[in-house]
Amino acid sequence: MKEFIISDVKTETAVLVGLITKEQNEDKTKEYLDELEFLADTAGAVTVKRFTQRVTGPSVVTYVGKGKLEEIRDYIKLKDEEEEPIGMVIFDDELSAKQIRNIEKELGVKILDRTSLILDIFAMRAQTANAKTQVELAQYRYMLPRLQRLWTHLERQGGGSGSGGGKGSVGLRGPGETQLEMDRRIILQRMTLLKQRLAEIDKQKVTQRKNRGRMIRVALVGYTNVGKSTTMNLLAKSEVFAENKLFATLDTTVRKVVVDNLPFLLADTVGFIRKLPTDLVDSFKSTLDEVREADLLLHVVDISHPDFEEQIQVVNQTLSELGCADKPSMLIFNKIDNYHWIEKEEDDLTPATKENMTLDELKRTWMAKEHDNCLFISAKNKENIDEFKEVLYKKVRELHVQKYPYNDFLYNIEEE
């Protein structure tokens, strides 16, 4: 079957396409395309050009308008003539099979959308059998409604007998539709098998969780690339893989952490992202079960990101969909070492914006809102880590005493 998701890590040139609409203004579109470029970079592609179009909504036929599509096509032809061929065009929203087919026919290059790009990164990052199974299931879920596009080269010719006649008449099913039905059946069978495997993995993980003893479970959650794995390494003194790429962590890693006299379990989980497809969340159910079963959530935030408040909303929305919105949680504002602000000129009478706030002003704002449920740290430079451990100890101890009042794991420290 023809592949249409990148499977190898190789440097290819990419063009990005996004829309400016009433719901998504120009600044927001730029942020989304910045993130899409980071995704492309993580997948091994180099972005050479961006195209945006101001419309009321995406075209059901070609996503962008006819004129914009011709502009993209002319650019691709120009780069071909300059012997700098474009490898792919990546769209910022999920495309339908019809849109992909029409766009590919017009542009003649590989067409990807945000979902297929994320799936490719997931496939590249998956290390364990669990993660690989989850990624494969998510890929098939994405592929199934788009199967028809893969067999356009086997479309039936018109003509024939019988009422109606022509293309699509009863009794004139050609090899395209036969192959399409075969593929659909094979994929559905494969999906059933993958779901069975994941169910078995779920049972194993439930058993593992039962065998972890009477300890409080803490889970690190947050947007992708905010420093969860670095925070995990700092607290657990472990070597969980961490780098400045999106979705560096796919598999949930659980470590035993001891702060003073109190042991607890700390889990690092897959990061969330804007426009994360529901199928991906469903496929990663067994990984996200660590979040569901946690007693305390540490929501790590990259405070140096210009749009960190929307990232917080995205994570909170995803947690709500997982049924975890009411769990005890803390906001951990990470990367304070990378925070920048712009000082206003004395004669500038315009209202101050978020970009004009110092770190201290931002701290006071969030601490007034969250009280003692937020901290500001730099996991990379180990800033404010003692305070972090002290607050975390108090939170976990409080939960531990409530949940396991007679557990002899916990003992009192003699006060000096």
Side-chain angles (χ1 to χ4, degrees), residues 125-131 134 201-202 204-245 247-272 284-302 315 319 322 324 327-332 334-335 375 377-400 403-404 407 409-411:
R125 297 292 192 187
Q127 298 295 323
T128 65
N130 184 22
Q134 291 174 132
I201 291 170
D202 275 348
Q204 292 170 3
K205 286 188 173 290
V206 168
T207 304
Q208 287 173 1
R209 282 192 284 267
K210 285 180 180 177
N211 293 335
R212 285 176 187 164
R214 287 148 61 89
M215 284 187 278
I216 291 298
R217 295 170 187 167
V218 180
L220 292 162
V221 297
Y223 209 78
T224 183
N225 201 44
V226 294
K228 294 187 299 298
S229 297
T230 306
T231 305
M232 173 87 166
N233 290 337
L234 190 67
L235 290 172
K237 299 176 182 176
S238 59
E239 293 299 324
V240 175
F241 180 68
E243 66 169 339
N244 187 31
K245 295 278 187 179
F247 301 112
T249 302
L250 271 195
D251 293 293
T252 299
T253 306
V254 181
R255 294 283 185 271
K256 180 180 176 181
V257 178
V258 180
V259 177
D260 289 339
N261 65 331
L262 179 62
F264 61 91
L265 296 171
L266 183 64
D268 184 16
T269 60
V270 61
F272 304 137
F284 277 73
K285 177 188 173 296
S286 58
T287 298
L288 294 169
D289 273 346
E290 291 293 345
V291 177
R292 290 189 182 96
E293 301 212 8
D295 301 294
L296 175 65
L297 301 179
L298 299 183
H299 182 170
V300 184
V301 180
D302 176 3
V315 174
L319 289 174
L322 293 171
C324 303
K327 283 186 179 292
S329 64
M330 286 180 63
L331 280 172
I332 310 299
N334 189 26
K335 304 190 183 183
L375 286 169
I377 69 167
S378 169
K380 181 181 177 183
N381 292 351
K382 300 182 180 178
E383 293 181 50
N384 297 343
I385 300 306
D386 289 340
E387 181 189 2
F388 179 25
K389 288 183 177 178
E390 185 180 330
V391 174
L392 182 59
Y393 173 84
K394 289 178 181 176
K395 296 278 185 187
V396 174
R397 181 189 170 97
E398 185 180 322
L399 291 168
H400 190 107
K403 193 170 183 179
Y404 308 117
N407 192 341
F409 261 134
L410 186 64
Y411 57 90

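No hydrogens, no waters, no symmetry mates; every other heavy atom, side chains included, goes into these values. The chain is numbered in sequence order, starting from 1. Quick caveat, the model's predicted, so the values are computed rather than measured.
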Which atom of R255 lies closest to which atom of A236, heavy atoms considered = CB-CB, 3.7 Å

Full working for side-chain contact (heavy atoms from CB on, under 4.5 Å) between L298 and L392 | CA-CA 9 Å; L298 299 183; L392 182 59; 4.0 Å; yes

Which is it for I332 and I377 under the side-chain contact (heavy atoms from CB on, under 4.5 Å) test, yes or no, and what are the steps along the way?
-> CA-CA 7 Å; I332 310 299; I377 69 167; 3.6 Å; yes

Side-chain donor or acceptor of [X] paired with backbone N/O of [Y] under 3.5 Å:
| X | Y | answer |
| --- | --- | --- |
| K228 | Y223 | yes |
| K327 | A294 | yes |
| N334 | A379 | yes |

Under 3.5 Å, which donor-acceptor pairs link side chains of residues 382-390 to any protein atom two or more places apart or in another chain?
unit_1, atom_1, unit_2, atom_2, d
N384, ND2, F376, O, 2.7

So do K256 and L265 actually touch side chain to side chain, heavy atoms under 4.5 Å?
-> yes

Minimum side-chain heavy-atom gap F264-D295 below 4.5 Å = no

Can you list the residues that meet the side chain to side chain donor-acceptor pair (under 3.5 Å) rule with S378, with sequence neighbours excluded?
-> D337

What residues form a side-chain contact (heavy atoms from CB on, under 4.5 Å) with K395, not counting sequence neighbours?
-> L296, M330, D372, N373, V391

K380 meets the salt bridge (charged side-chain N to carboxylate O under 4.0 Å, His left out) criterion, sequence neighbours left out, with none

